[in-house]
Every structure is written in C-alpha cells, then in structure tokens.
2 protein chains.
Amino acid sequence: MKIGEFAARSGISARLLRYYEEQQLLLPRRGENGYRQYSADMLRSAAQIRALLDAGMPTTIIRDILPCLSATEDIYLQKLSPETRLRLEQERDRISARIVCLARNRDAIDAYLSSVPLT
Amino acid sequence: MKIGEFAARSGISARLLRYYEEQQLLLPRRGENGYRQYSADMLRSAAQIRALLDAGMPTTIIRDILPCLSATEDIYLQKLSPETRLRLEQERDRISARIVCLARNRDAIDAYLSSVPLT
DNA sequence: TTAAACCTTCTCACTGATGTGAAGGTCAAG
DNA sequence: CTTGACCTTCACATCAGTGAGAAGGTTTAA
C-alpha cells in the first residue's frame, strides 16, 4: 500500500510517516518507481510508535525497542548480544522508573481531588 | 538560600533553575538586591519537577499539577473551580493512559528478554 | 495519445519545547 | 580593588513535527 492509503488508515500524516522513516522508526520497502510500499502489519508498528511517542518516549529508544516488541516466535530464536541484552534491560528499568514516578504523581492528584469538597 | 547553593543541593544547574523560573515551574522570592532566594522546601518541588520531566511530562502540565502535589491540609480547604477540577481529572486520566502504555511495552520487552536464550 | 487531476518524491525552512553557552553588567566579601 | 557569585539577555543546540515548493510518476477520461 502506498503512503497515502497508509496515512489514511493509520491516522498518521504522510509527512510524519516520511519523518518516521528518516528517524529509522518505520522503514517501508520501495517500489520500482521509488514509491514507498507499506505492508498491512506495519499498521500495528505505526500505532505502537504513536503510543510510545505520546507516552513521552524518545524516538531513539523506540527505535531500539521496536524490534523486540513486534518479535514473533521465529525471531525469538535469533541470538542477542550481551550488550544489546543489557541495553534492553536498562531501557526496561528506565520505563519502570517512569511508571513509578507517574503512578505516584497520579495518585497524589487523585488524593488531592478526593480531599477537596465537591463545590 | 541563593541559587548557587540551591543548585548544588538539588543537583540542578543554576542555568536550568532560571529556566524553570521562566517557565513558571519554580518561583523563588527575590532579595533587596534582586538575588533569587530559594527556601529549603523548594528542594522537594525541584526534585518532583525533575522526576516528572524525566518521565516525559511537559512543563505546562507540571505547572498545572504542581500546586496540588505539594498541597498540605490547609490548602485542601481552598475552593476548586469545576473547570480546574475537570482539567485535573483529565490530566490524571492522561497520566493513567501513559502508565498503561508504558507498562504494556515494558512487559513486552521483558517477555522478549525472558524468551531469548542467555547466550 | 494527450491532458488534467492526483499522488509521490525530495529539500529547505520553520515551529515549539527543553535546555545550554557566553557576553556584559552588578553585588558583596576578602 | 580584585574575585567570585549573581544578574539579564541573546544566541544556539536538539528533538518532534509541520509547511510549501519544485519535479516527476500514475490514473482517468476525452
């Protein structure tokens, strides 16, 4: 599918899709004429990228973790260098830290809202 | 305490503290000579600001939610306009959405790491 | 087959957010 | 009076994203 249709289906502008390609987040194949060719399963990746960006993850990290997020069983069998494993573990821990921070503050907002009278 | 000492104690550069003041995140009083005067309890706020920024929260939202994060019982009694309450509830929900997204992806990373053989 | 309408390409430039660097001036303590 | 900490201000860097123009490919319909 060409970029226009993919943009319409994913809700991500063609402009932004080209940007994501430039950032190495989403890499479509190219046709004979140089047109980008998106496959249907890239819709899932695209949604994941959007969700992670909206959650405040930088593109560099998304680029690192995307491959293992869309991993299927046959990919699981690929080897994983100790350095890559370590980096992924660190990213996982950083995400956990984010979650803890966000949860703590959300709970604080919630406690505040509960304690203030309704009107 | 002046900006130099506060920077040393908080681990946030003086330059960045001035920036946070410009962004209305942390507003120290001013002495006769125009020097910024930070109070000790601003250290907590400063840490909270850093944590939230590191977790990917934008300054505008932090500015909104900070007052209710450092709220003490006497502040709880202040009135809260329905609009403000609504905005806070929306922010809380947005934070929850972020948490869900981050947790899902962290778990995916974790599952991947568990499934790939050790070496 | 040609023409119009549309899509895709790339590139330059720009925004807004989060910072950082450095110049030039002021204040205060030794 | 020199030194160091502070003041403001202008400029710059990076990241995520957008706008617009020029050139060329694709489709449709006369």
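Chain letters run A, B, ... following the sequence lines, proteins first, then strands; residues in each count from 1.
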Between the protein and nucleotides 24-30 of chain C, list the N/O to N/O atom pairs that are separated by less than 3.5 angstrom.
{"unit_1": "C:dA28", "atom_1": "OP1", "unit_2": "B:Asn33", "atom_2": "ND2", "d": "3.4"}

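- At a threshold of 4.0 angstrom between heavy atoms, the contacts of B:Ser13 are confined to the sugar-phosphate backbone, with no base atom among them.
- In this structure, A:Leu17 places its CG atom 14 Å from C1' of C:dC7, rounding to the nearest Å.
- The shortest distance between the side-chain N/O atoms of B:Arg15 and the OP1/OP2 oxygens of D:dC12 is not below 4.0 Å.
- Here the side chains of B:Arg87 and B:Thr84 are in contact, with some heavy-atom distance below 4.5 Å.
- Heavy atoms of other residues, nucleotides or ligands lying less than 6.0 angstrom from CZ of A:Arg44 number 12 at most.
- In this structure, OH of B:Tyr20 is placed 15 Å from P of C:dA17, rounded to the nearest angstrom.
- The pair B:Glu91-B:Arg94 meets the salt-bridge criterion, with a side-chain N (NZ, NE, NH1 or NH2) lying under 4.0 Å from an Asp/Glu carboxylate O.
- Within the 4.0 Å cut-off from OP1 or OP2 of D:dA16, not a single side-chain nitrogen or oxygen of A:Arg50 is found.
- With rounding to whole Å, B:Gln37 atom CD is found 15 Å from D:dA5 atom C1'.
- Nucleotide D:dC15 holds its P atom 8 Å from the CD atom of A:Gln23, rounded to whole Å.
- Following rounding to the nearest Å, B:Glu5 (CD) and D:dA5 (P) show an atom-to-atom distance of 13 Å.
- The CD1 atom of A:Ile12 sits 10 Å away from the P atom of D:dT18 (whole-angstrom rounding).
- A 4.5 Å side-chain heavy-atom check between A:Arg85 and B:Val116 finds at least one atom pair inside the cut-off.
- Between B:Glu21 and the options B:Arg15, B:Arg29, B:Arg30, a salt bridge (Lys or Arg N to Asp or Glu O under 4.0 Å) holds for only B:Arg30.
- Residues B:Met1 and B:Arg9 form a side-chain contact, since some pair of their non-hydrogen atoms from C-beta on lies under 4.5 Å apart.
- Counting only heavy atoms from C-beta outward, the side chains of A:Cys101 and B:Asp54 never approach each other to under 4.5 Å.
- Dashed line: the shortest gap from a side-chain N or O of A:Thr59 to OP1 or OP2 of D:dA16 is under 4.0 Å.
- Here the CD1-CZ distance, from A:Ile12 to A:Arg50, works out to 6.5 Å after rounding to the nearest 0.5 Å.
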Look for any protein N or O under 3.5 Å of an N or O in nucleotides 4-6 of chain C and output each such pair with its distance, or none.
none

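- You'll find that the side chain of A:Leu16 is closest to D:dG17, out of D:dT8, C:dG19, D:dG17.
- Between A:Tyr38 and A:Leu26, some side-chain heavy-atom pair lies under the 4.5 Å cut-off.
- Looking at A:Glu89 and A:Leu86, their side chains come closer than 4.5 Å, going by heavy atoms from C-beta outward.
- As a whole-Å value, the separation of A:Leu52 CG from D:dA16 P is 12 Å.
- B:Arg18 comes within 4.0 angstrom of a nucleotide base, judged by non-hydrogen atoms across all strands.
- Atom CZ of B:Arg63 is separated from atom C1' of C:dG16 by 13 Å (rounded to the nearest Å).
- Residue A:Pro58 has its side chain nearest to D:dA16 when only C:dC10, C:dT20, D:dA16 are considered.
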